[in-house]
Amino acid sequence: MYKKYWPILRKYKWSLFASPLLVLVTVLCETIQPYLMSQIVDRGVMESDIGFITRVGTWMVLIAVAGLAVSIFNVWVSSRASIGFGTDLRSSLFQQIQRFAFPEIDRFSPSSLITRLTNDITKIQQVIQMSMRVMLRAPLMFLVSIVFVIRINPRLALILVAAIPVLGVAIYVVLKKGFPFF
């Protein structure tokens, strides 16, 4: 299936490369916030250092704004790529349908062909957009969060070691039970 779509996706390879990097920057901006907050509490509050609190708080605001800007840019990049891909795929499919003889059109039915040109391509377009934005986000958030948890408090990381298998089993059970209903 990938081989069929790659000639069209190739036009958007810059976006396919940039989007994961933008997601990584967004995740870093979000996951560094608790670390900076812990620094404020441990060093600023405990030592009553208002200058440190102000400095780190300012960095937190700037990092949050940068994360927001990068996230918005990623939405623009991924939307542009997925919409462009959908448009190109729809055009290619329409050109293919135009080559059909009347018996072929009757065999597929016009309503089925219209569905292929609209709804089916829209679903593929949404998969591409979501994979560029959301599917990468969860694993990256997981990995970066683990690094920061270990950095903040290695003993706290032991709780994660126990919680992750429980969470994994719970997710598996929910997906196994939920997908048949979907």
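Counting from 1, the numbers follow the sequence of the chain as shown.
- In the hydrophobic clustering of ILVMFWY residues, with side-chain heavy atoms under 4.5 Å counting as a link, L68 and V61 come out apart.
- One hydrophobic cluster, built from ILVMFWY side chains closer than 4.5 Å, cannot hold both L158 and I164; they sit in different ones.
- For the residue pair R90 and Q125, the shortest heavy atom distance occurs at NH2-OE1, 3.9 Å.
- Annotation: side chain of S92 is not in contact with side chain of D88 (no heavy-atom distance under 4.5 Å).
- Remark: side-chain polar atoms of Q39 are not paired, donor with acceptor, to backbone N or O of V56 under 3.5 angstrom.
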Practice task
Determine, step by step, whether S79 and Q129 satisfy the side-chain contact (heavy atoms from CB on, under 4.5 Å) criterion, reporting the C-alpha distance in whole Å, the side-chain angles of both residues, the deciding distance to 0.1 Å, and the verdict.
Solution key: CA-CA 6 Å; S79 296; Q129 184 177 28; 2.7 Å; yes
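- Applying the side chain to side chain contact (heavy atoms under 4.5 Å, CB included) test to I124 and every residue at least two apart in sequence or in another chain returns Y5, F85, L89, I128.
- Taking V173 as the reference, V169, K177 meet the side chain to side chain contact (heavy atoms under 4.5 Å, CB included) condition, with sequence neighbours excluded.
- Contact between L160 and P165 at its shortest, heavy atoms only, is O-CD, 4.4 Å.
- Looking at every heavy atom in both residues, N74 comes nearest to S19 through OD1-OG, 2.8 Å.
- Atom CG of D42 and atom CE of M37 lie 10.0 Å apart (nearest 0.5 Å).
- Under the 3.5 Å distance criterion, with hydrogens and angles disregarded, no donor-acceptor pair is assigned to the side chains of S82 and Q126.
- Separating the OG1 atom in T26 from the CG atom in L21 is a distance of 10.5 Å, to the nearest 0.5 Å.
- Annotation: side chain to side chain contact (heavy atoms under 4.5 Å, CB included) contacts of F148 (sequence neighbours excluded): T31, I32, Y35, V144.
- No chain of hydrophobic side-chain contacts below 4.5 Å, direct or via other Ile, Leu, Val, Met, Phe, Trp or Tyr residues, connects Y12 to I83.
- In terms of heavy atoms, I53 sits closest to V45 at CD1-N, 3.9 Å.
- Residues forming a side chain to side chain contact (heavy atoms under 4.5 Å, CB included) with R99 (at least two apart in sequence, or on another chain): Q95, Q96.
- Identified under the side-chain hydrogen bond (donor to acceptor under 3.5 Å, both in side chains) test for residues 48-70, with sequence neighbours left out: none.
- W76 has its ring centre less than 6.0 Å from the ring centre of F73.
- Hydrophobic clustering (side-chain heavy atoms under 4.5 Å, transitive across Ile, Leu, Val, Met, Phe, Trp, Tyr) groups L136 together with L28.
- If you chain together hydrophobic residues whose side chains sit under 4.5 Å apart, L175 and F142 never meet in one group.
- With sequence neighbours left out, the salt bridge (Lys or Arg N to Asp or Glu O under 4.0 Å) criterion links R137 to E30.
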Handout entry: Stepwise side-chain contact (heavy atoms from CB on, under 4.5 Å) check, I159 with V149
Key = CA-CA 10 Å; I159 295 172; V149 166; over 6 Å; no
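- Panel note: side chain S91, backbone T87; no donor-acceptor pair is recorded below 3.5 Å.
- Shown here for A157 and I150, the closest heavy-atom pair between the two residues is CB-CG1, 3.7 Å.
- Closest heavy-atom contact between M141 and V27: CA-CG1, 3.6 Å.
- Looking at S71, its side chain never comes within 3.5 Å of a backbone N or O of G67 through a donor-acceptor pair.
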